[in-house]
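A quick write-up on the structure given underneath.
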Amino acid sequence: MNRPLWRLLWNTKREAAFDVALVLGLILLGRVLLVMYPSDIPPGAYDWIGGPWLNDILVWIMDLALLVRRRYPMVLMSIVAVLAIVQPLMVELGPGPLLFINQTSDPWLPGVTPWAIYAAVVYTTGRKWKFFAWDLISITALISVRPWDDLSTDAIVAAVLWTVFPAVLGLYVGARRNLVKALRERAERAEREQELLAEQARADERTRLATEMHDVVTHRVSLMVLQAGALGVAAEDPAIRQAAEELRTSGCQALEELRDLVGVLRRGSSEQDARPDVTPPTDLPDLAELIGQSEAVGIPVEYTVDGDPRMVSAAVGRTAYRVVQEALTNVHKHAFGSRVSVRLLHSDDRLRLVVRNTSSPDRAARDLADSGSGAGLLGLQQRVELVGGTFRAGPAADGGFEVDVILPAYVPTGEAGGDD
């Protein structure tokens with residue numbers, strides 16, 4: 001992308017407008033002064049070059065050079081210093097002045113000298129260049145007071161205002177800019193530190209929750225699994241043994257999910273970063289069972305898979321299963337009779353699920369619509385974000401509803417399969 005031409009000299013349009021207005025104002029002021037004081041030019045002052053055309057050319061060059069004062073301040077200051085040195089030499093030893101001067105009161109300096117000195121103080125960067133700028137300013141100020149001449153007080157005051165005052169003003173503005181810059185950097189640093197502290201607090205809270213889940217929930221579920229296994233062995237009734245086995249199987253599945261969830265919560269802490277990931281990738285859970293359950297109750301589901309199925313982390317696979325499960329459950333409650341499409345897209349490093357339903361032809365049954373906590377989508381979003389995915393749910397263009405989830409294919413958990 002090409003930068004605008006004005007960006008070569010200015011950082012903002014405000015700076016460009018100010019400098020252009022300054023140049024135009026100085027040119028206009030010079031024309032007005034020539035009209036008001038035409039007789040101040042000493043007779044024969046420019047006879048050595050055939051007229052005052054050199055003065056006009058130099059004035060125009062100096063005025064236009066103000067346009068580069070922000071980007072190239074030393075160029076402008078060097079031109080001013082050279083003219084300040086050449087002017088007295090031409091007056092005292094040479095054929096005549098380069099610039100029009102008043103021999104008794106005016107400083108022997110170009111009219112843009114104050115702006116050149118100010119720019120040299122404020123905009124010069126680099127230690128060596130700053131020293132060089134002050135050398136040029138000192139030479140220019142010395143020539144302006146002309147210690148070899150017996151100047152009037154007005155001439156000395158004018159010379160000081162023409163050189164020293166812009167330098168002092170530049171020092172003040174430069175110091176103020178440095179202070180503002182330091183305060184801004186300090187504020188940005190404090191903001192970054194606050195973000196880091198907040199992130200550390202979140203990491204500590206995640207670790208605490210993982211510890212609580214590991215120590216309390218996992219322990220209780222493990223006891224339930226053991227008790228269900230013991231009941232299945234001791235019971236004589238086949239129905240009781242079957243129920244106990246189903247309870248034990250469900251408990252084992254819950255333990256696996258808890259282990260993955262604890263691992264995801266602990267991910268990011270220094271303790272877990274140091275541990276190698278031991279959770280192997282696995283196949284994505286089969287969604288056909290969920291879809292078959294919906295079709296069995298009268299909700300047609302169009303199921304499509306794009307891309308090559310790939311291995312995913314167990315936590316990601318279970319999250320994808322819960323997304324489809326919750327989305328279809330919401331269809332059962334709020335849009336029974338609508339058409340549903342479930343689209344699964346595989347890529348190299350991510351997995352995308354899109355569950356969309358059309359608008360329902362009938363009003364939802366009140367007993368179904370009012371069931372549940374009403375926080376299913378919120379909990380689903382938190383679960384998706386916990387594994388580093390993105391979640392979007394909202395009305396579709398055709399009046400239905402859409403759930404769009406993107407999950408990373410692999411999320412390290414750091415939990416061993418037998419770590420209780």
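When reading the values below, keep in mind they use all heavy atoms of this one structure, side chains included, and skip hydrogens, waters and symmetry mates.
- Using a 4.5 Å heavy-atom cutoff, the side chains of S341 and T304 are not in contact.
- Side-chain contact between V355 and E326: absent, with no pair of heavy atoms (C-beta onward) separated by less than 4.5 Å.
- Scanning both residues, A65 and L76, for their nearest heavy atoms gives CB-CD1, 3.6 Å.
- Within the 4.5 Å cutoff, the side chain of D237 has no heavy atoms near those of the Q242 side chain.
- The nearest pair of heavy atoms linking V384 to I406 is CG1-O, 4.5 Å.
- Expressed to the nearest 0.5 Å, how far OG1 of T390 lies from CG of L407 amounts to 7.5 Å.
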Go through the steps for E302 and V342 under the test side-chain contact (heavy atoms from CB on, under 4.5 Å), then give the verdict. CA-CA 6 Å; E302 180 185 355; V342 177; over 6 Å; no
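- Taking each heavy atom of N357 and V340 in turn, the nearest pair found is CB-CG2, 4.0 Å.
- R241 places a side-chain N or O within 3.5 Å of a backbone atom of A235 that can act as its donor or acceptor partner.
- By the neighbour-count criterion of 12 heavy atoms within 6.0 Å, atom CD of E385 is densely surrounded, having more than that number from other residues, nucleotides or ligands.
- The line from CH2 of W134 to CG of L171 is 4.0 Å long, rounded to the nearest 0.5 Å.
- With a 6.0 Å radius and a threshold of 12 heavy atoms from other residues, nucleotides or ligands, R339 has its CZ atom at or below the threshold.
- Here the CG atom belonging to L83 is positioned 10.5 Å from the CD1 atom belonging to I143, to the nearest 0.5 angstrom.
- In this structure the side chain of Y303 never reaches within 4.5 angstrom of the side chain of E295, judged on heavy atoms.
- Summarising the local packing, OH of Y321 is surrounded by more than 12 heavy atoms from other residues, nucleotides or ligands at distances under 6.0 Å.
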Checking V331 against R356 for the side-chain contact (heavy atoms from CB on, under 4.5 Å) test, could you report, in this order, the C-alpha distance in whole Å, the side-chain angles of both residues, the deciding distance, and whether it holds? CA-CA 9 Å; V331 173; R356 178 182 300 174; over 6 Å; no
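- Remark: side-chain polar atoms of S294 are not paired, donor with acceptor, to backbone N or O of I299 under 3.5 angstrom.
- P166 has its side chain out of reach of W115: every pair of non-hydrogen atoms, C-beta onward, lies at least 4.5 Å apart.
- I117 has its side chain out of reach of W162: every pair of non-hydrogen atoms, C-beta onward, lies at least 4.5 Å apart.
- From R69, atom CZ reaches atom CE of M77 across 13.5 Å, with rounding to the nearest 0.5 Å.
- F401 and V403 make their closest contact through CE2-CG2, 4.0 Å (heavy atoms, listed as atom of the first residue, atom of the second, distance).
- Of the charged side-chain nitrogens involved, at least one lies within less than 4.0 Å of a carboxylate oxygen, so that D404 and R352 count as a salt-bridged pair.
- Atom CD of Q200 is separated from atom CD of E193 by 13.5 Å, given to the nearest 0.5 angstrom.
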Audit row: V168, Y172, side-chain contact (heavy atoms from CB on, under 4.5 Å) steps and yes/no: CA-CA 6 Å; V168 174; Y172 167 76; 5.8 Å; no
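- The two residues T358 and S338 come nearest to each other via the heavy atoms O-CB, 3.2 Å.
- Smallest separation of non-hydrogen atoms from V121 and A167: CG1-O, 4.0 Å.
- A 4.5 Å side-chain heavy-atom check between R189 and R186 finds at least one atom pair inside the cut-off.
- At a threshold of 4.0 Å, the pair E245-R248 counts as salt-bridged, since one of the basic side-chain nitrogens sits closer than that to a carboxylate oxygen.
- Note that the CG atom of L28 and the CG atom of D63 stand 11.0 Å from one another [nearest 0.5 Å].
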